[in-house]
Amino acid sequence: MEALEKLAKQGMKQLVIDLSDNGGGYLNAAIDMCNEFLDRGQLIVYTEGIKSPRNEANAFGNGKYKDLKLVVITNQYSASASEIFAGAMQDWDRGIIVGRRSFGKGLVQRPFRFDDGSMMRLTVARYHTPSGRCIQKPYTKGDKKAYDHELLDRYNDGEYYNLDSIQINDSLRYSTLKNARPIYGGGGILPDIFVPIDTTEYTTYYRDLVAKGIVNQYVINYVDNNRNRIKSGYKDVNDYDARFEVNDAMMRDFIALGEKDSVKYDENKYLISKNMLKLMIKGLIARDVFSDASAYTIVVNHRNQDLDAALSIINDDERFNRLLREGNHDYERLINKNKK
């Protein structure tokens, strides 16, 4: 809310909310967020289970941003409360969802406390979007392995980087609540506009450097030795973003740190991942030096394809309005293709 108020004072006319990699949080926070963008009485989310009667949350209508043009970014790690927000905005034709299908976590768990201080959390209901779609992805009772591997299966099936690989169940077709455009259930929130994941700079060398914490370790060491110089040399994050460069000398030290911790240097793979590594290092330095989590985002968003897609849509009134009226015809073509 503080961020929205700050942007509103700067004359904000449209907004992109990035929920990629956002695993959710408290239900009430998601409901309060939705309330800012929906009209009085509009359903936000409801829960229902075999032994749990339907329980609804509706907008109060006192939100400040009900007419603000909106795009929401989701990806495969957007879950729970993030999916409640994205689903409500999509179902009410309130905004366009961009990215990849969300995780699909929509179970309501009730805690039961015991006298010895222990507790059991029992699943009692599922979350549903206003149109009736179940957020929870399907699972087979007793087959935990398949459930745990579902994200990996999506990747292996090509869903992250190929529109034609997305599995859409036509029997779970729903309609949005204002414009009656087609949307689909089956777990998670399927975006209005699919954006493939960019794997062109990903290598096992990059993976090992990140997994072993070499990137964070290098940044901590670098900032410890250069914090005062950076703070005095740049007036703010934007100035740093424009002028600071992760140079070759820094990267040589970074490679040496990896070698010291058993990440063997691979020149070919390094050259593929070099720009991505440099951007990550620059962003993490900014976050540490300026003590601002958004500083990292400011830096790395220059190479954010999901954000680029969101901006291209929100800045194109004709395309934005057509999507809200008609939905994405690519999904219709995909369904017809699969039927053949």
Side-chain angles (χ1 to χ4, degrees), residues 1-22 68-75 98-99 195-203 205-206 209-210 213-258 269-316 320:
M1 293 306 301
E2 290 175 358
L4 285 173
E5 290 176 8
K6 182 179 179 180
L7 291 169
K9 289 177 181 178
Q10 297 174 23
M12 171 179 59
K13 302 298 181 185
Q14 52 194 32
L15 174 69
V16 174
I17 295 182
D18 186 356
L19 296 179
S20 56
D21 300 330
N22 189 310
L68 192 65
K69 195 176 180 184
L70 180 67
V71 169
V72 180
I73 301 174
T74 64
N75 69 2
V98 170
V195 182
I197 193 171
D198 183 6
T199 59
T200 56
E201 295 182 344
Y202 181 84
T203 62
Y205 180 65
Y206 166 88
L209 287 167
V210 174
I214 306 301
V215 178
N216 285 325
Q217 186 180 341
Y218 173 79
V219 168
I220 291 171
N221 295 341
Y222 184 84
V223 172
D224 282 347
N225 294 321
N226 295 277
R227 184 185 301 275
N228 293 334
R229 179 181 65 81
I230 296 173
K231 291 210 76 168
S232 62
Y234 303 93
K235 60 182 180 180
D236 55 25
V237 175
N238 291 319
D239 184 33
Y240 166 92
D241 183 34
R243 297 195 294 117
F244 184 86
E245 179 185 358
V246 177
N247 57 40
D248 290 339
M250 293 173 64
M251 293 307 292
R252 285 193 293 271
D253 291 341
F254 171 67
I255 291 168
L257 184 64
K269 292 179 179 178
Y270 168 72
L271 292 175
I272 293 172
S273 300
K274 177 180 178 180
N275 290 333
M276 187 161 61
L277 286 166
K278 291 175 73 171
L279 192 67
M280 181 182 291
I281 290 170
K282 180 176 177 178
L284 290 171
I285 291 172
R287 184 174 69 182
D288 193 339
V289 170
F290 296 98
S291 302
D292 183 357
S294 66
Y296 177 81
T297 305
I298 289 171
V299 172
V300 301
N301 268 350
H302 293 301
R303 295 171 64 85
N304 186 333
Q305 290 186 314
D306 295 340
L307 178 60
D308 290 342
L311 292 174
S312 70
I313 291 168
I314 207 168
N315 290 321
D316 186 338
F320 181 91

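Please read these numbers as outputs of a predicted model, since none were measured by experiment. Index from 1, following the sequence.
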Can you find a pair of side-chain heavy atoms, one from N304 and one from D18, that are under 4.5 Å apart?
yes

Y206 side chain near T203 side chain, heavy-atom distance below 4.5 Å:
yes

Side chain K69, main chain I314, donor-acceptor under 3.5 Å:
yes

Tightest non-hydrogen contact, residues G258 and L209, listed as CA-CD2, 4.2 Å

Measure the spacing between CD of Q14 and CD1 of I313 and express it to the nearest 0.5 Å.
12.0 Å

Side-chain donor-acceptor pair under 3.5 Å between N75 and D21, yes or no?
yes

Could you tell me if the side chain of T297 sits less than 4.5 Å from the side chain of R287, heavy atoms only?
no

Can a donor-acceptor pair be found, under 3.5 Å and without considering hydrogens, that links the side chain of N247 to the backbone of M250?
yes

Verify, without hydrogens or angle tests, whether K282 (side chain) and V246 (backbone) share a donor-acceptor contact under 3.5 angstrom.
no

Qualifying residue, where the test is side-chain contact (heavy atoms from CB on, under 4.5 Å) with I73 and the options are N22, D306, L19:
D306

How long is the gap from OH on Y270 to OH on Y205, to the nearest 0.5 Å?
7.5 Å

Applying side-chain contact (heavy atoms from CB on, under 4.5 Å) to M12 and L15, what does each step give before you reach the verdict?
CA-CA 7 Å; M12 171 179 59; L15 174 69; 3.9 Å; yes

Quick one: does L277's side chain get under 4.5 Å of E201's, heavy atoms only?
no

How far apart are the C-alpha atoms of L284 and N216, what are their side-chain angles, what is the distance that settles it, and do they pass the side-chain contact (heavy atoms from CB on, under 4.5 Å) test?
CA-CA 8 Å; L284 290 171; N216 285 325; 3.5 Å; yes

Would D308 and R303 count as a side-chain contact (heavy atoms from CB on, under 4.5 Å) if you check the C-alpha gap in whole Å, the side-chain angles of each, and the deciding distance to 0.1 Å?
CA-CA 8 Å; D308 290 342; R303 295 171 64 85; over 6 Å; no

Can you tell me how far CG of D288 sits from CD1 of I285, rounded to the nearest 0.5 angstrom?
9.0 Å

Contact between Y296 and M280 at the side-chain level, heavy atoms closer than 4.5 Å - yes or no?
yes

Look up atom NZ in K269 and atom OH in Y202, then write down how far apart they are to the nearest 0.5 Å.
10.5 Å

Can you check whether L279 reaches M276 side chain to side chain, under 4.5 Å on heavy atoms?
no

Between D236 and K231, does any side-chain N to carboxylate O distance fall below 4.0 Å?
no

Please check: side-chain N/O of S232 versus main-chain N/O of R229, any donor-acceptor pairing under 3.5 Å?
yes

Passes side-chain contact (heavy atoms from CB on, under 4.5 Å), K278 versus M251? Steps please.
CA-CA 8 Å; K278 291 175 73 171; M251 293 307 292; 3.6 Å; yes

Is a side-chain donor or acceptor of D316 paired with a backbone partner of S312 at a separation under 3.5 angstrom?
no

Compare all side-chain heavy atoms of L257 with those of Q217 and state whether any distance is below 4.5 angstrom.
yes

Enter the distance from M1:CE to L4:CG here, rounded to the nearest 0.5 Å.
5.5 Å

Looking at R243 and D239, is there a salt bridge between them, counting it only when a charged N and a carboxylate O are closer than 4.0 Å?
yes

Within this structure, what is the CD1-OH distance for the pair I230 and Y240, rounded to the nearest 0.5 Å?
6.0 Å

Scanning both residues in full, the closest heavy-atom pair of R227 with V289 reads NH1-CA, 3.9 Å

Between V219 and N221, is there a side-chain heavy-atom distance shorter than 4.5 Å?
no

